[in-house]
Amino acid sequence: MVRDPTADVLHGTSVIDAVKAADISRILAVPDLHTSAGLLARIADDPTLQLIRVCKEDETIGISAGLSYGSIRSICLFQYTGFLFAMNAIRAVAVEQSMPICMMIGLLGKEPGVAPIESSRFGVRIIEPILDQLGIEHHLIESDTDVGAIQPAIEAAYRNHRPTALLIGRRPI
Amino acid sequence: MLDRMKCLGLLRERITKEIVVATYSTATDWLAIADRPLNYFSFGAMGLASSHGLGLAIAHPDHRVLVFDGDGSLLMNLGTLVTATAVAPTNFVHVVWHNGTYEANGGHPLPSTSVRFAELARAAGYRKALQISDMSAFETSLDAILSEDGPLFVELIVEQGQLGPRSYADMYSAERREAFRQAVKLEAGASRHAGSLQ
């Protein structure tokens with residue numbers, strides 16, 4: 001049996017290409033070790049994306065909402081701990097006010113090939129159930145074969161005025 | 001000390017196509033005297049008014065964005081001062097109504113009533129940061145507030161306003177958000193048209 005060489009690797013460039021294909025122009029980010037080198041550093045070096053570095057994760061939710069009123073699409077990039085921190089902003093602005101907030105959440109410490117719900121890390125295990133309770137659609141982006149889900153998820157979020165979550169399950173390279 | 005309603009009244013006389021982002025007690029006072037489509041209300045996530053305003057300022061460079069923040073609200077999101085100055089939109093004006101209390105939550109005092117917000121903003125890198133506590137200084141500063149390049153920060157020392165339950169339900173409404181969306185779209189179209197005629 002021939003193993004799919006893209007099944008166990010996630011390239012930051014693949015993620016960035018998918019994000020650009022969805023007309024994202026702004027990345028609102030708090031650094032996360034999980035996505036630091038493979039994704040955030042590449043975004044910072046990309047002249048076609050504007051990176052806005054913020055101090056706390058809930059700021060990204062407000063800024064992204066404001067940008068959406070000018071038809072500017074953005075991604076909120078942070079670690080799952082930041083997602084937990086920003087919970088009230090996500091609840092109020094993204095969910096209750098039906099805003100197209102697109103979150104890219106690094107699952108630091110998730111074991112590759114293991115479903116988030118089965119991770120040995122408590123913080124990782126609770127992310128999908130919380131998203132389910134909030135009614136936020138989510139997609140696990142674990143390898144290059146999953147990257148195809150990114151553009152449709154973002155397009156749907158902006159079309160339907162609702163949030164979406166892209167869970168980065170493996171450290172991008 | 002300033003009377004918030006009097007200040008808002010003076011602002012109402014001067015404001016035209018500015019986007020006003022208001023939150024909690026100041027928002028209900030503002031809405032009472034200036035119910036207009038270019039109002040944007042930030043509720044449900046205390047502290048985020050300036051973040052909403054920052055996004056709007058980036059998205060609408062032809063509009064001046066005035067954020068009417070609360071002192072308790074700003075303390076919940078102090079990092080916004082640093083983010084705003086890093087992005088540094090020239091159309092961004094951050095007004096903090098400083099009454100020393102969580103007025104919307106029963107009038108309890110801030111953890112410290114000696115915070116000097118204008119100094120915090122200046123240290124964070126705002127192009128200009130004012131602290132105003134009397135009416136004549138406020139009137140004198142109105143031109144700067146409404147026309148000088150930002151990011152500007154204005155700390156207004158105000159008396160505590162009316163306590164008690166205020167209704168935010170209308171501000172939350174999807175209809176109001178949609179009206180705002182249409183209003184900024186219309187203004188953006190008008191700006192493009194004006195540009196093409198020049």
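None of these values were measured; they are calculated from a predicted model. Convention: sequence-line order gives letters A, B, ...; per-chain numbering from 1.
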query: For the candidates A:I90, A:I72, A:N88, A:I52, which exhibits the highest count of non-hydrogen atom pairs separated by less than 4.5 Å from chain B?
result: A:N88
If hydrophobic clusters are built from ILVMFWY residues whose side chains come within less than 4.5 Å, do [X] and [Y] share one?
X: B:I145; Y: B:L10; value: yes
X: A:I130; Y: A:M99; value: yes
X: A:I168; Y: A:F85; value: no
X: A:L134; Y: A:M103; value: yes
X: A:I105; Y: A:V114; value: no

Shortest non-hydrogen contact from [X] toward [Y]:
X: B:V184; Y: A:Y69; answer: CG2-O, 3.6 Å
X: B:A59; Y: A:G70; answer: CB-CA, 3.7 Å
X: A:D58; Y: B:L48; answer: O-CD2, 3.4 Å
X: A:A89; Y: B:A45; answer: CA-CB, 3.8 Å
X: B:G79; Y: A:C55; answer: O-SG, 3.3 Å

Under 3.5 Å: donor-acceptor pair, side chain of B:R177, backbone of A:S98: no
message: Main chain of A:L67, side chain of B:H60: is a donor-acceptor contact present, judged purely on distance under 3.5 Å?
response: no
Taking atom [atom1] of [X] as the centre, does the number of heavy atoms from other residues, nucleotides or ligands within less than 6.0 Å exceed 12?
X: B:R116; atom1: CZ; answer: no
X: B:M1; atom1: CE; answer: no
X: B:K6; atom1: NZ; answer: no

- request: Sort out for me which of B:S173, B:S51, B:G47 touches chain A most, counting heavy-atom pairs under 4.5 Å.
  value: B:S51
query: Relative to chain A, which of B:I58, B:L56, B:T80 shows the most heavy atom pairs under 4.5 Å?
result: B:L56
- prompt: Distance only, no hydrogens: is a donor on one side chain within 3.5 Å (strictly under) of an acceptor on the other, for A:E59 and B:T83?
  reply: yes
task: Decide yes or no for A:V93 and B:H52: does some side-chain heavy atom of the first lie under 4.5 Å from some side-chain heavy atom of the second?
output: yes
- prompt: Does B:V82 reach the side chain of A:V54, with side-chain heavy atoms less than 4.5 Å apart?
  reply: no
message: At a 4.5 Å cut-off on heavy atoms, which part of B:Y40 comes close to chain A: side chain, backbone, both, or neither?
response: side chain
